[in-house]
2 protein chains.
Amino acid sequence: MEQANYHHGNLRSSLVSTGIEFLNQKGVAGISLREIARTIGVGHNAPYRHFRNKQQLLEAMAEDGFRRLKARYTRLELEFANDPEGQIFESAMHVISMAADQPNLFQLMFGGHIQPQDCGGNLKLAADDAMQSLVSIIQNGQRLKVFIGGDPMTLALSTMSMIQGLAIMVSSGKLKVQFQTQAKDASWAGRQTLLRAMVLQLFEVFLSGLKENTKTHLKE
Amino acid sequence: MEQANYHHGNLRSSLVSTGIEFLNQKGVAGISLREIARTIGVGHNAPYRHFRNKQQLLEAMAEDGFRRLKARYTRLELEFANDPEGQIFESAMHVISMAADQPNLFQLMFGGHIQPQDCGGNLKLAADDAMQSLVSIIQNGQRLKVFIGGDPMTLALSTMSMIQGLAIMVSSGKLKVQFQTQAKDASWAGRQTLLRAMVLQLFEVFLSGLKENTKTHLKE
DNA sequence: TGATGATGTGGGCAGTGTCCACATGCATGA
DNA sequence: TCATGCATGTGGACACTGCCCACATCATCA
């Protein structure tokens, strides 16, 4: 526990994690390499031994988010096997609840701060993996005659867009309003339940368009 | 044309417009008050006579975008009267083509850099107006029995999410790839046509879920 | 053991946002 | 007509930032 070590030990991961803390607290614009180094208790130049520049640290932080996203995706794919509708909805819920819990991280990942084609293969791979999961879910749903036919890639992109849209609306606060008015003093689990109910409603239109059978909601 | 004027005349709008130029060229992170002032040919403190801080200039730039968006919305609402499906699609196309033409401005407007509740009423109004247009389009479509029943606000939010999602995918480059591979040497009009075709495909799933009658695409 | 390379250090530079006191000149009222 | 006030523009200053440099430390291994 000797804290006066000249060498920190695992500075790189410390930088990423405290970076994400600052991100959550102060947003992308509020992140400063020097402040991160200061709070870790390390010289203002130490980060440059691990990242070429600030942008690379941001990319590492985003990559961390993508990895968590993907890990959950693959777990969901197994958990909801043979239930493509459930897979799609739970995937959406996962992305959206991440957008609700860590809006700034979400905006870092999808807000254009990061150009996957410019940075290390890891980030691009992590981002592409999420897309690929969606494609295979769609294909599975088509096999089971649950989803409509058509190019799976196109359907996956469409689905991804819908999910992204909901997530952006949540992370940017446009949906939080109504969501919070009911939930301002609820627990995390409570908020999660309300979020799920809201997403269920908002996702229904899209989902009913994706499903093979005729509409189920004829409550008019 | 006397350029040695001590007073610039309409510095405020100059700041906004050259700000948007820089935004288009270098992204949100690349914007510097001092550089803007320098290129306008004005002292580095002049901007502070018109904006309390950098954030307020960004908000003014975003507001400009929202105003253009809304102007087009109301024009579309008249142009496609009695064709709710056309209204919805053209609204979507308009947002998305803005995201394609000025991705950085779009990200400024919707990427969480701006908190409408924190800033001048104008911005919030402009943003809310777009939403209100959508609600009335939906209501109209419900009256004409073109769209499914249900809470118009919920349907509008869902629609907005889908549009936002597609726009974000375009502005962040995730859809540009396929789009550009075909269009890298096309004119603006040509690219616009390709973009429209792509959006038509990707929007179809959602739209078929929104429409009252059973699915039209049974090409399986 | 002694060299080497990965990792951490402080100094320095240009650039930034924002505060301050001061300069300028247009409008307005005596 | 002219003085005056106020909106607007100016330069100086400060703390902060990202990033470059040369140098310090230390684990590893021949």
Side-chain angles (χ1 to χ4, degrees), chain A residues 1-23 25-62 104 108 112-115 118-120, chain B residues 1-23 25-62 104 108 112-115 118-120:
Chain A
M1 263 302 182
E2 44 215 327
Q3 49 193 346
N5 268 346
Y6 189 91
H7 287 90
H8 178 281
N10 54 353
L11 182 53
R12 198 198 132 100
S13 67
S14 274
L15 287 166
V16 173
S17 62
T18 56
I20 292 181
E21 279 176 38
F22 275 99
L23 178 63
Q25 287 169 20
K26 316 203 283 184
V28 186
I31 287 186
S32 143
L33 278 187
R34 287 174 106 110
E35 189 177 11
I36 292 175
R38 221 179 295 133
T39 59
I40 293 184
V42 90
H44 68 269
N45 264 318
Y48 287 88
R49 298 298 146 190
H50 301 272
F51 301 99
R52 204 141 23 96
N53 49 33
K54 183 182 179 178
Q55 184 64 20
Q56 276 216 343
L57 173 58
L58 293 182
E59 284 164 13
M61 289 158 55
N104 293 333
L108 172 65
H113 300 90
I114 300 299
Q115 295 300 339
D118 297 347
C119 46
Chain B
M1 264 300 184
E2 44 217 323
Q3 49 194 346
N5 271 347
Y6 189 89
H7 288 88
H8 177 281
N10 54 352
L11 181 54
R12 198 196 132 99
S13 67
S14 274
L15 287 167
V16 173
S17 62
T18 55
I20 291 182
E21 278 176 40
F22 275 99
L23 178 64
Q25 287 169 19
K26 317 203 281 183
V28 186
I31 287 186
S32 143
L33 277 187
R34 289 174 106 110
E35 190 177 9
I36 292 175
R38 221 179 296 133
T39 58
I40 292 184
V42 89
H44 69 269
N45 265 318
Y48 286 88
R49 298 297 145 191
H50 301 271
F51 301 99
R52 201 139 26 94
N53 50 31
K54 183 181 178 180
Q55 185 64 20
Q56 275 215 344
L57 173 57
L58 293 182
E59 285 165 12
M61 288 158 55
N104 293 333
L108 172 64
H113 300 91
I114 301 299
Q115 295 299 341
D118 297 347
C119 45

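Below, read A as the first sequence line, B as the second, and so on, with proteins coming before strands; counting in each chain starts at 1.
Note that the CG atom of A/Asn104 and the CD1 atom of A/Ile31 stand 8.5 Å from one another [nearest 0.5 Å]. Rounding to the nearest 0.5 Å gives a distance of 10.0 Å between OG1 of B/Thr18 and CD of B/Glu35. The CG atom of A/Asn10 lies 9.0 Å from the NE2 atom of A/His50; values are rounded to the nearest 0.5 Å.
Nearest-nucleotide assignment on DNA chain D puts the 5′-proximal partner with B/Asn45, out of B/Asn45 and A/Gln55. Nucleotides of DNA chain C nearest to A/Gly41 and A/Arg34 differ in position, and the one nearer the 5' end is that of A/Gly41.
Computed from coordinates, the B/Tyr48 OH to D/dG12 P distance equals 17 Å when rounded to whole Å. Distance CD (B/Gln56) to C1' (C/dG17): 14 Å, rounded to an integer number of Å. Residue B/Lys26 contributes atom NZ, which lies 12 Å from atom P of C/dG15 at whole-angstrom precision. In this entry the distance linking CZ of A/Phe22 with P of D/dC16 reads 14 Å, nearest Å. Rounding to whole angstrom units, NZ of residue B/Lys54 and P of D/dT17 are separated by 14 Å. One interatomic measurement links the two molecules: CD1 of B/Ile31 to P of C/dG15, which rounds to 19 Å at whole-angstrom precision. Rounded to whole angstrom, the span from the CG atom of B/Leu33 across to the P atom of D/dT17 amounts to 18 Å. Separating the CD1 atom of B/Ile40 from the C1' atom of D/dT8 is a distance of 14 Å, rounded to the nearest angstrom.
Within the 4.0 angstrom heavy-atom criterion, no nucleotide atom of any strand lies near B/Ile36. Using a 4.0 Å heavy-atom cutoff across all strands shown, B/His44 reaches at least one base atom of the nucleic acid. Residue A/Arg38 is in sugar-phosphate contact alone, with no base atom involved, counting any heavy-atom pair closer than 4.0 Å across all strands shown.
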Residue pair B/Leu57, B/Ile36: steps toward the side-chain contact (heavy atoms from CB on, under 4.5 Å) verdict:
CA-CA 11 Å; B/Leu57 173 57; B/Ile36 292 175; 3.9 Å; yes
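OP1 and OP2 of C/dG15 both lie 4.0 Å or more from every side-chain N or O belonging to B/Ser32.
Using a distance-only test at 3.5 Å, with no hydrogens or angles considered, no donor-acceptor pair links the side chain of A/Gln55 to the main chain of A/Ile114.
When distances are taken from the side chain of A/Ala46 to each of D/dG18, C/dT9, C/dG10, the shortest belongs to C/dT9. Nearest to the side-chain atoms of A/Glu35 among the listed nucleotides D/dT17, C/dT9, C/dT18 stands D/dT17.
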